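Written below as structure tokens is the structure these notes are about.
Computed over heavy atoms, backbone and side chain alike; hydrogens, waters and symmetry mates excluded. Each chain gets a letter, A, B and so on, in the order the sequences are listed, and its residues count up from 1. Everything numeric in this text was worked out from a predicted model, so none of it was measured.
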Amino acid sequence: RKEVEQDPGPFNVPEGATVAFNCTYSNSASQSFFWYRQDCRKEPKLLMSVYSSGNEDGRFTAQLNRASQYISLLIRDSKLSDSATYLCVVKRAGGFKTIFGAGTRLFVKA
Amino acid sequence: DTGVSQNPRHKITKRGQNVTFRCDPISEHNRLYWYRQTLGQGPEFLTYFQNEAQLEKSRLLSDRFSAERPKGSFSTLEIQRTEQGDSAMYLCASSPKERVNEKLFFGSGTQLSVL
């Protein structure tokens, strides 16, 4: 079993739609959580960190459920430019490894 | 541009040859990571440096792989006796020393093709 698991998708949604991605992690000692975005043939870039109380950044909302060991990302009012792969990322407490999920692909269509 | 720089961008080599990649992190970042990414997968952790010390190395990394960061600045990743399965994008990332949430800044990567 992979340490970080995501639905690979693809999610095909129209512009303006709301879409949600989930991610589960297996190591209960995980401490820090992130969502990264990766465009085709580009490097990953931080989208947002995920805090225990949940956090929002514009159209993006991230939630963390430590008891169930899952993380979610909600995108409201999808734009064409949101088309990308979204990577769920987990960092263990006291360690250095930052573990990436395989990513969820999103296609937003006009 | 003061981002993470990787060279070369592309490398094509024949099976059995040795290759070396270079990463120049953001200058004030003391943490440096190497990752490998294949099509349809997320980046896979290879190794981590804090300054010049290599503090963690993936068990997936065979003895053919070695990484150095001699002066705590740039880093090199060498693959000896390359195999076709080594074909991948090799990504370098750096980060500053922060308390909790540590953002990784990635370079554009080196795409390796082993023929």
Checklist entry - For A:Lys97, is it the side chain, the backbone, both or neither that has a heavy atom under 4.5 Å from a heavy atom of chain B? => result both
Checklist entry - More than 12 heavy atoms of other residues, nucleotides or ligands under 6.0 Å from CD of B:Glu68: is that the case? => result no
Checklist entry - Between A:Gln38 and B:Gln37, is any pair of side-chain heavy atoms under 4.5 Å apart? => result yes
Item to check | B:Ile79 reachable from B:Tyr35 in the ILVMFWY side-chain graph, under 4.5 Å edges | outcome: no
Checklist entry - In Å, rounded to the nearest 0.5 Å, how long is the span from CD of A:Glu43 to CG of B:Leu104? => result 12.5 Å
Checklist entry - Around atom CG of B:Leu55, are there more than 12 heavy atoms of other residues, nucleotides or ligands at under 6.0 Å? => result yes
Item to check | Flag side-chain contact, heavy atom, 4.5 Å: B:Phe45 against A:Phe100 | outcome: no
Checklist entry - Is chain A contacted by the side chain of B:Phe105, its backbone, both, or neither, given a heavy-atom distance below 4.5 Å? => result neither
Item to check | Over 12 foreign heavy atoms within 6.0 Å of OH, A:Tyr70 | outcome: no
Item to check | Contact origin within B:Gln111 toward chain A - heavy atom pairs under 4.5 Å | outcome: neither
Item to check | same_hphob_cluster(A:Ile99, A:Leu47) at 4.5 Å side-chain heavy-atom cutoff | outcome: yes
Checklist entry - More than 12 non-hydrogen atoms from neighbouring residues, nucleotides or ligands closer than 6.0 Å to CG on B:Leu39, yes or no? => result no
Checklist entry - Does any N or O in the side chain of B:Tyr48 come within less than 3.5 Å of the main-chain N or O of A:Thr98, such that one atom is a donor and the other an acceptor? => result no
Checklist outcome for this item: Under 4.5 Å to a heavy atom of chain A? For B:Gln50 that would be side chain
Checklist entry - Considering all heavy atoms of both residues, which atom of B:Gly42 and which atom of A:Leu87 are nearest to each other, and what is their separation? => result CA-CD2, 4.1 Å
Next on the checklist: Does A:Arg59, at its CZ atom, have more than 12 non-hydrogen atoms belonging to other residues, nucleotides or ligands within less than 6.0 Å?
Outcome noted: yes
Item to check | Derivation of the side chain to side chain contact (heavy atoms under 4.5 Å, CB included) call for B:Phe106 and A:Tyr36 | outcome: CA-CA 11 Å; B:Phe106 280 89; A:Tyr36 276 70; 4.1 Å; yes
